[in-house]
Number of protein chains: 2
Amino acid sequence: MAGIDDVAAAAGVSAATVSRALSGRGRISDATRARVRAAAADLGYVVSSAASTLATGRTSNIGVVVPLLDRWFYANVIDGIAETLAARGYDVTLYSMSDDPAQRANVLDVSLRRGRVDGLIVLSLQLAEDELDRLLALELPVVGLGATSGRLPVLRIDDTAIARLATEHLLALGHRRIAHIGYSRDGDPGFDTPSLRRRGFEAAMADVGDATALFRPADLTLEDGHRAAGEVLDLDEPPTAIFAASDEMAFGAIFAARERGLDIPHDLSVVGVDGHEMGDFFGLTTVAQFPHAQGERAAATILGVVEDGADAADAALPFELVVRASTAAPAH
Amino acid sequence: MAGIDDVAAAAGVSAATVSRALSGRGRISDATRARVRAAAADLGYVVSSAASTLATGRTSNIGVVVPLLDRWFYANVIDGIAETLAARGYDVTLYSMSDDPAQRANVLDVSLRRGRVDGLIVLSLQLAEDELDRLLALELPVVGLGATSGRLPVLRIDDTAIARLATEHLLALGHRRIAHIGYSRDGDPGFDTPSLRRRGFEAAMADVGDATALFRPADLTLEDGHRAAGEVLDLDEPPTAIFAASDEMAFGAIFAARERGLDIPHDLSVVGVDGHEMGDFFGLTTVAQFPHAQGERAAATILGVVEDGADAADAALPFELVVRASTAAPAH
DNA sequence: CTGAAAGCGCTTACAG
DNA sequence: CTGAAAGCGCTTACAG
């Protein structure tokens with residue numbers, strides 16, 4: 001691989017001039033710049049990231065901290081991030097955090113301290129206070145996406161409002177016995193996404209005098225949505241509608257209803273949250289958020305901080321009720 | 001952030017000794033090593049990746065080249081890769097390649113030349129010959145996963161065998177009129193995954209004297225599987241079974257059947273390929289491959305090349321027919 | 001506008 | 001076993 005000296009020799013200038021011609025920093029004559037760029041293109045020369053980083057302190061690389069990689073939602077977010085960052089000349093490196101304490105510690109105390117990134121996007125992560133301390137100790141620009149914390153700037157949808165929107169849609173259709181399935185962390189501080197959704201649901205239900213709110217804790221997965229929905233459907237007095245905290249859970253609920261010979265929406269209405277690409281096929285009514293666009297926005301935000309020293313502020317992300325065939329007035 | 005000199009001072013040794021104590025390279029007394037490590041842990045010192053890379057030429061980072069990030073299959077593969085690599089102290093940076101020529105050129109000619117990685121895993125990529133030239137010009141260890149090329153070592157499932165397995169399952173059930181839906185690239189060299197699957201399908205059908213093979217080109221997506229399946233189902237003489245080249249397409253086929261009031265498997269049998277996590281809920285018979293395990297294996301392979309100079313060889317990946325409720329003998 | 005030189009933070013022959 | 005010093009490939013004040 002050609003180095004800066006090869007380019008310098010080819011263009012008949014010094015390495016310093018090559019650096020200036022290629023980076024665009026510093027004064028340089030148009031003629032020299034053109035000559036150097038031509039030589040560089042000719043040799044296929046690209047600045048070595050390590051050398052450049054060491055000299056400048058900048059990496060042109062953004063880290064993305066992800067809870068799990070195999071979910072539809074995150075895959076879309078990351079795609080949006082990668083696309084935006086690539087267009088701005090940045091690479092993205094992934095730091096996936098599982099539930100394993102040793103693995104989490106390794107990411108926080110080792111990987112992230114290697115100085116490989118200029119900034120960090122943290123996806124929907126529940127960080128313990130001391131983990132957050134260690135994250136902030138990195139002294140790196142950080143922006144959270146869907147994450148929850150008063151200690152770092154976060155882009156997020158208003159989970160309470162989303163839950164309220166979904167619930168009120170069901171109430172407006174005439175449902176009065178509605179179950180919510182969503183995760184509720186033990187002893188959580190009340191700030192995480194699932195809790196907020198539950199809160200919105202319960203607030204909306206409370207606004208109507210005669211409504212009965214059921215709740216079943218479950219993970220945001222198809223399997224667990226299936227299980228939890230099955231449980232409420234098997235109650236002596238099952239609900240006429242289910243509000244699932246994610247579309248994948250809602251799919252699970254639809255399968256659970258189908259297994260019980262229930263017709264949707266005649267016997268049961270189902271609403272989800274996310275705007276999953278399969279929602280259309282399931283005819284699922286949902287509150288769509290836009291993960292790809294969220295990724296783009298998070299990327300733009302972190303670049304603003306990294307490149308222009310902008311202050312990242314909390315921001316509310318858009319969402320939208322998409323009514324499809326899975327919701328209707330209750331039968332009885 | 002603490003530097004190597006801080007650790008050296010704290011431990012009362014030279015920077016050289018700190019480097020040796022932390023890297024494990026070179027002779028060093030147990031006592032000093034312990035003292036240095038304690039000091040480093042104390043200060044939260046981690047070697048700067050840029051400085052270390054510049055000095056050694058090694059990055060401890062592996063690049064993953066991905067066609068699209070938002071598909072279930074790739075998300076699982078990447079998860080497997082990231083998990084394995086993280087356990088070995090490597091980071092992973094993503095290079096996503098779209099269909100846009102400018103974007104592809106940028107990845108190949110710029111991003112990848114920055115020297116940020118020790119090796120590359122290339123996922124299911126169709127690279128043009130000249131793109132492959134440029135990839136190989138990087139002189140980086142590379143392993144393909146599911147990709148197709150005689151020019152780099154590739155881990156892949158035997159697509160022809162998979163298609164044959166799925167088709168013979170349907171034939172054994174008594175189906176004689178079977179449609180295959182799968183992508184067929186115009187003027188493709190006949191080596192890509194979809195073509196090989198089509199070939200396996202047609203070979204299996206040809207082995208049976210009286211079987212009729214139908215084919216409909218389609219992308220490996222839910223939408224396009226839905227469309228293509230709809231088209232064959234609307235034929236005057238529709239097939240009694242559909243072999244879809246991916247599970248997502250198969251889901252589309254199931255929706256298409258459902259929309260036409262067809263019962264699965266009574267009126268139509270459906271087989272897919274992949275082992276998608278939702279397959280169980282759809283009761284989909286499929287030829288499962290194991291993307292997470294594939295990712296782990298690709299990661300282990302590239303590390304073998306990078307760390308031990310092993311020769312990566314082509315290898316066949318396991319797959320398995322999983323029979324569920326979507327296939328049965330034809331009705332008539 | 002351009003070049004010589006120091007420096008970024010490590011690693012590793014080379015001495016001892 | 002340990003340290004002093006050169007060097008990895010850039011960038012950027014500092015001179016001119």
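Every chain is numbered from 1 and lettered A, B, ... according to where its sequence line falls, protein lines coming before strand lines.
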B/Asp100 CG: over 12 foreign heavy atoms closer than 6.0 Å: yes
Sub-4.5 Å side-chain heavy-atom contact between A/Leu145 and A/Val77: yes
Span of DNA chain D, from the first to the last nucleotide whose atoms fall under 4.0 Å of chain B heavy atoms: D/dC1 to D/dG9
Spatial distance of atom CZ (B/Arg116) from atom CG (B/Leu140) [nearest 0.5 Å]: 13.0 Å
Pair pattern of DNA chain C in dot-bracket, where unpaired bases get dots and | marks partners in another strand, Watson-Crick or G-U under 3.5 angstrom: |||.||||||||.|||
Sorted by number, the residues of residues 26-55 of chain B with heavy-atom contact under 4.0 Å to DNA chain D: B/Arg27, B/Ile28, B/Ser29, B/Thr32, B/Leu54, B/Ala55
Partner residues of B/Asp130 under the side-chain contact (heavy atoms from CB on, under 4.5 Å) criterion, sequence neighbours left out: B/Ala128, B/Asp133, B/Arg134
DNA chain C contacts made by residues 12-23 of chain A, counting heavy atoms under 4.0 Å: A/Val13, A/Ser14, A/Ala16, A/Thr17, A/Arg20
Value rounded to 0.5 Å, distance of CZ in B/Arg114 from OG in A/Ser52: 9.5 Å
Electrostatic pair B/Arg156:B/Asp314 at N-O distance under 4.0 angstrom: no
Atom pair CD1 (A/Ile121) and CD (A/Gln294), whose distance is rounded to the nearest 0.5 Å: 12.0 Å
Between D/dT12 and D/dG16 - C1' atom distance, rounded Å: 16 Å
Distance in Å, A/Leu317 CG paired with A/Phe290 CZ, rounded so as to fall on 0.5 Å steps: 10.0 Å
Counterpart residues, side-chain contact (heavy atoms from CB on, under 4.5 Å), relative to A/Ala40 (two or more places apart): A/Val7, A/Leu22, A/Tyr45
Residue B/Asp308 excluded, over 12 heavy atoms near CG under 6.0 Å: yes
Distance in Å, A/Asp91 CG paired with B/Tyr95 OH, rounded so as to fall on 0.5 Å steps: 4.5 Å
Pairwise distance CD(B/Glu83) to CD(B/Glu296) - rounded to 0.5 angstrom: 5.5 Å
